[in-house]
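The structure appears below as structure tokens.
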Amino acid sequence: MRNFEYVRAGSADEAIAAIPAGSGAVYLAGGTTLLDLMKLDVVRPPRLVDINRLGFDRIEVFDDGRVRIGAMVTNTDLARHDHISRVYPVLSQALLSGASTQLRNKATTAGNILQAVRCGYFRDGVSACNRRSPGSGCAALGGANRNVHAVLGGTDACFAAHPSDMCVAMAAIGATIHIRGPRGDRDVAFTDFHLLPGATPWKQHALDEGEIITHVTLDAPLAHSRSAYLKLRDRASYQFALASSAAILVVDGGMIRDARLALGGVATKPWRAVDAEAVLKGQPPTVQTFQRAAAVAFEGARSYGQNGFKIALGQQAIVRNLSSLVA
Ligand SMILES: Cc1cc2nc3c(=O)[nH]c(=O)nc-3n(C[C@H](O)[C@H](O)[C@H](O)COP(=O)(O)OP(=O)(O)OC[C@H]3O[C@@H](n4cnc5c(N)ncnc54)[C@H](O)[C@@H]3O)c2cc1C
């Protein structure tokens, strides 16, 4: 048993002050990732700063179509919000495909963005893992890497897939993450927030120590768009994605006028497939067009052994999802 201190913050400034530089203290939101990792002895924070009473639990729809989502809005409340499910079905569907009802009731928007990778070698607390123990190596290279490992964006230092479904939808929609910290407020574009592992996989995102996510703002929806999330996995529920696709399409006069595409389960961060979007734009919405875009999305993909099948599966996820939008 490792002792830790528990502090309940009443405001964002109080929360930030409770995490002095070098303290190793962390914020506690729903706890569904953090408490697991503490029980596994993968993380050992000496202090938890509970941020459940900061009031960051509201969803506001602006006149210009953007939506502001408080960091503490639960995955359930976000998925079931009337405006979200009507205007951003891709986000609702992604959220509802994740975890279980009980977990979604606790899991928060910021916690979901900051959830840790599901690589078994990271979570066992003892294997070589550059993410958990910098410089120790990567046991997944040549190890069990079928389910939760990436074919895009990885390196020999780490190729664990980013596990979130919600983030894949947000990457497709476009969003801004709002951050407050000891040095004031700042904003980061959603697609810049998660970092590729490169040679420093322990640095997973753009947050500095003590900084807190206060809210996320979704871009306004594309006019006359349709959107959907497709998650492929070994069993139909309570399972992380092997490959997933978030797609937003605007089709007019028999042509694709605009397209947004993002991938999950196959990449080390929520993966916006910009080059594939360019292939779609200005083309007829046919299976052949979708197949060409899917092939471009996986250009440069690398198999690490057991996970090579994801290169074909990910392309099928794109083609099936896009086809469903124009059926
Ligand atoms: C069995 C299981 C199955 C799952 N399946 C899926 C799935 O299929 N798809 C999916 O997408 N997810 C899945 N998840 C992950 C789940 O979505 C995350 O655990 C959850 O979203 C984390 O949110 P939380 O509020 O509980 O975060 P916490 O556990 O409270 O926090 C996670 C991390 O974020 C930090 N943090 C939290 N809020 C803030 C903030 N506002 N500012 C700065 N730092 C903050 C914490 O310090 C911690 O490091 C699963 C989890 C479990 C346990």
Side-chain angles (χ1 to χ4, degrees), residues 4 6-7 9 11-12 15-16 18-19 23-40 42-57 69-79 91 93-118 123 147-148 161-171 177-182 185-186 188 193-194 202 204-216 229 231-244 246 264-265 270:
F4 60 88
Y6 171 86
V7 177
S11 69
I16 292 164
I19 302 198
S23 67
V26 295
Y27 297 120
L28 172 67
T32 61
T33 283
L34 181 58
L35 299 185
D36 262 8
L37 294 178
M38 288 173 71
K39 288 183 207 162
L40 292 168
V42 169
V43 297
R44 301 166 188 171
R47 175 189 287 178
L48 299 188
V49 180
D50 187 337
I51 54 173
N52 281 275
R53 305 257 173 110
L54 306 192
F56 295 156
D57 53 0
I69 303 161
M72 299 302 294
V73 171
T74 66
N75 288 181
T76 297
D77 286 347
L78 185 56
L91 180 55
Q93 291 167 15
L95 283 158
L96 293 174
S97 76
S100 64
T101 307
Q102 291 90 337
L103 284 160
R104 293 194 296 267
N105 289 345
K106 287 299 288 177
T108 63
T109 302
N112 192 313
I113 292 169
L114 293 165
Q115 64 177 288
V117 299
R118 306 302 295 195
R123 289 171 65 83
N147 296 346
V148 290
H162 194 275
S164 170
D165 293 295
M166 180 195 81
C167 290
V168 181
M170 287 189 175
I177 297 184
H178 305 275
I179 297 166
R180 184 168 300 170
D185 292 359
R186 65 189 181 103
V188 178
F193 183 80
H194 296 95
W202 53 91
Q204 299 176 39
H205 49 69
L207 273 193
D208 288 330
E209 191 185 16
E211 285 189 319
I212 188 170
I213 295 178
T214 55
H215 55 283
V216 176
Y229 186 73
K231 178 173 180 178
L232 303 179
R233 45 192 159 170
D234 282 329
R235 62 173 184 233
S237 80
Y238 203 34
Q239 184 95 21
F240 288 91
L242 292 170
S244 72

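In listed order, ligands and their atoms are each counted from 1. Any value given below was found using the heavy atoms of this structure, including those in side chains, with hydrogens, waters and symmetry copies removed.
- Looking only at side-chain heavy atoms (C-beta outward), Asp234 and Leu242 come within less than 4.5 Å of each other.
- Remark: ligand 1 and Ala71 share no N or O pair separated by less than 3.5 Å (distance only, no angle test).
- Side chain to side chain, Gln102 and Asn105 fail the donor-acceptor criterion of an N or O pair below 3.5 Å.
- In this structure, the protein non-hydrogen atom closest to atom 9 (N) of ligand 1 is Asp165 OD2, 2.7 Å.
- Polar contact check, Arg118 against ligand 1: no nitrogen or oxygen pair lies under 3.5 Å apart.
- Here Glu211 has backbone heavy atoms under 4.0 Å from ligand 1, and that is the only part of it that gets that close.
- Under a 4.0 angstrom heavy-atom cut-off, Met72 registers as lying outside contact with ligand 1.
- Nearest protein neighbour of atom 37 (C) of ligand 1, counting heavy atoms only, is Ala29 CB, 3.6 Å.
- If you check which protein heavy atom lies closest to atom 35 (C) of ligand 1, you get Leu114 CD1, 3.7 Å.
- If you look at Ile51 next to ligand 1, the close heavy atoms, those under 4.0 Å, all belong to the side chain.
- In terms of N/O distances under 3.5 Å, ligand 1 is approached by Gly30.
- From the protein, the heavy atom lying nearest to atom 15 (C) of ligand 1 is Gln115 OE1, 3.2 Å.
- Checked against a 3.5 angstrom limit, the closest N/O atoms of Met166 and ligand 1 fall outside it.
- The shortest N or O to N or O distance between Gly31 and ligand 1 is under 3.5 Å.
- Using bins of under 30°, 30° to 60° and over 60° for the plane-to-plane angle, the ring pair His194/His162 lands in the perpendicular bin.
- Considering backbone and side-chain N/O of Lys231, one or more are found under 3.5 Å from N/O of ligand 1.
- For atom 52 (C) of ligand 1, the closest heavy atom belonging to the protein is Leu103 CD1, 3.6 Å.
- Atom 21 (O) of ligand 1 lies below 4.0 Å from at least one non-hydrogen atom of the protein.
- With a heavy-atom cut-off of 4.0 Å, Tyr238 touches ligand 1 through its side chain alone.
- Any N or O atom pair closer than 3.5 Å counts here, and Ala99 shares at least one such pair with ligand 1.
- Among all protein heavy atoms, the one lying closest to atom 27 (O) of ligand 1 is Gly111 CA, 3.4 Å.
- Contacts with ligand 1 closer than 4.0 Å are made by no heavy atom of Ala241, backbone or side chain.
- What sits closest to atom 46 (C) of ligand 1 on the protein, heavy atoms only, is Tyr27 O, 3.0 Å.
- Using 4.0 Å as the threshold, Leu207 has a heavy atom nearer than that to some atom of ligand 1.
- In this structure, the protein non-hydrogen atom closest to atom 42 (N) of ligand 1 is Ile213 N, 2.9 Å.
- Between Ile213 and Leu114 there is a side-chain heavy-atom pair separated by less than 4.5 Å.
- Looking at ligand 1, you'll find an N or O of Thr108 within less than 3.5 Å of one of its N or O atoms.
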